[in-house]
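Take a look at the structure below.
As the structure lists them, so they are numbered: ligands from 1, and atoms in each ligand from 1. Just so you know, these numbers use all the heavy atoms, side chains as well, and skip hydrogens, waters and symmetry mates.
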Amino acid sequence: MSVAKNIIRADVRALSAYHVPDASGFVKLDAMENPYTLPPQLQRQLGERLAAAALNRYPVPSYAGLKASIREHMGVPVGFDVVLGNGSDELISIVSVACAKPGAKVLAPVPGFVMYAMSAQFAGLEFVGVPLKADLSLDRDAMLAAVREHRPAITYLAYPNNPTGNLFDLDVMLEIIREVRDSGVVVVDEAYQPFAGTSFMPRLPEYPNVIVMRTVSKLGLAGIRLGYMSAAAELLAEFDKVRPPYNVNVLTEATAGFVLEHSAVLDEQAAELCAERANLAAALAAIPGLEVFPSAANFLLLRIARPGLTGTQVFERLLQRKVLVKNVGKMHALLENCLRVTVSTPAENALFLDALQSSLNT
Ligand SMILES: Cc1ncc(COP(=O)(O)O)c(C=O)c1O
């Protein structure tokens, strides 16, 4: 027997690593990144700020300055604090670990963000996926029945959802939150909030079992890895115990602090991407044999609906044309022949449309 076989859990050995394709030389439309960078003037100022960061010191563990700035700029309700994560991936992991009592369960609509199920597995929690309806809306009755049957410790509702891009019905979400009551937490994951025009954040004080989770990744700062979550103080205090003490490094802290002082730049970029989303959706809808789903995020889900042509074939033809999108067709039966594409600059969107038109034909 090898050391790995002796030591590593069988379910971990059976996993394949999270695959991130090499995108060099491609138009990269697979990961919902913001294509815009900071203006050169701000880049120079940021350079000076970073040069002054105390690289020789651990971060100040309270992160008080950055947290205050997030509370001020991100609409966190008065009296509420945030816990920071190395991306919201880490926050998902922290919530999973903190709630992993023996037999505890995690519930989420599927298809959804893959890390909900993976983090549950890593922490030894059972994952229960409840399929969305064919129109990709929440299956209210099935969700409420699943809450009653499984009494999940954690329920995830991504608002908007990934990979479908839609906003779930708020009234149904509230019914689910009420049904969970104090037997679990409901994570409202707002990774795509900058493009959604709505947020659960202002409602947080009404719901002591809700966590609102966000990330700066889609906003234009995917490289610095920073997520934050807000909830009742009693919950945050417990999650903070599980958080590794210096999980946000000083360069991330300094960058986020600086960019938040200039948050209007990111807001303008988000507004441009929303306008581009409308343009791209209209152009796609005009192509025969394509179904485009409504999106409140910075990506579009589309289905190849041409007899004799699969989503995978189109995905591979796009790759040959140096355009990388996400092939989500195998993720769930509801997504058969579907591709997910990030909304980008007018130039990159035009390249994608061109490559797609050609890929639908040959
Ligand atoms: C719904 C959702 N939540 C969380 C994340 C993770 O974001 P982060 O980059 O902060 O780890 C993603 C990333 O794609 C996502 O789609």
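Looking only at protein heavy atoms, the nearest one to atom 1 (C) of ligand 1 is Asp189 OD2, 3.4 Å. Scanning all protein heavy atoms for the shortest distance to atom 7 (O) of ligand 1 gives Ser88 OG, 3.1 Å.
Remark: ligand 1 atoms within the under-4.0 Å shell around heavy atoms of Asp89 are 6 (C), 11 (O). Which parts of ligand 1 touch Thr215 is read off a 4.0 Å heavy-atom cut-off, strictly below it: atoms 8 (P), 9 (O), 10 (O). Near Gly87, the atoms of ligand 1 lying under 4.0 angstrom from a non-hydrogen atom of the residue are 10 (O), 11 (O). Within ligand 1, the atoms closer than 4.0 Å to a non-hydrogen atom of Lys218 are 13 (C), 14 (O), numbered from 1 in the order shown. Near Asn162, with a cut-off below 4.0 Å to any heavy atom, the atoms of ligand 1 are 14 (O), 15 (C), 16 (O). Near Arg225, with a cut-off below 4.0 Å to any heavy atom, the atoms of ligand 1 are 8 (P), 9 (O), 10 (O), 11 (O). The Ser217 neighbourhood of ligand 1 comprises atoms 8 (P), 9 (O), 10 (O), with distances under 4.0 Å to a heavy atom of that residue.
Smallest separation of non-hydrogen atoms from Phe352 and Val325: CE1-CG1, 3.9 Å. Considering all non-hydrogen atoms of both residues, Leu138 and Met143 come closest at CD2-CG, 4.3 Å.
With sequence neighbours excluded, no residue forms a ring pair (Phe, Tyr, Trp, His ring centres under 6.0 Å) with Phe127.
Under a 4.0 Å N-O distance rule, the pair Asp11/Arg9 qualifies as a salt bridge.
Tyr116 counts as a contact of ligand 1, since one of its heavy atoms falls under 4.0 Å from the ligand.
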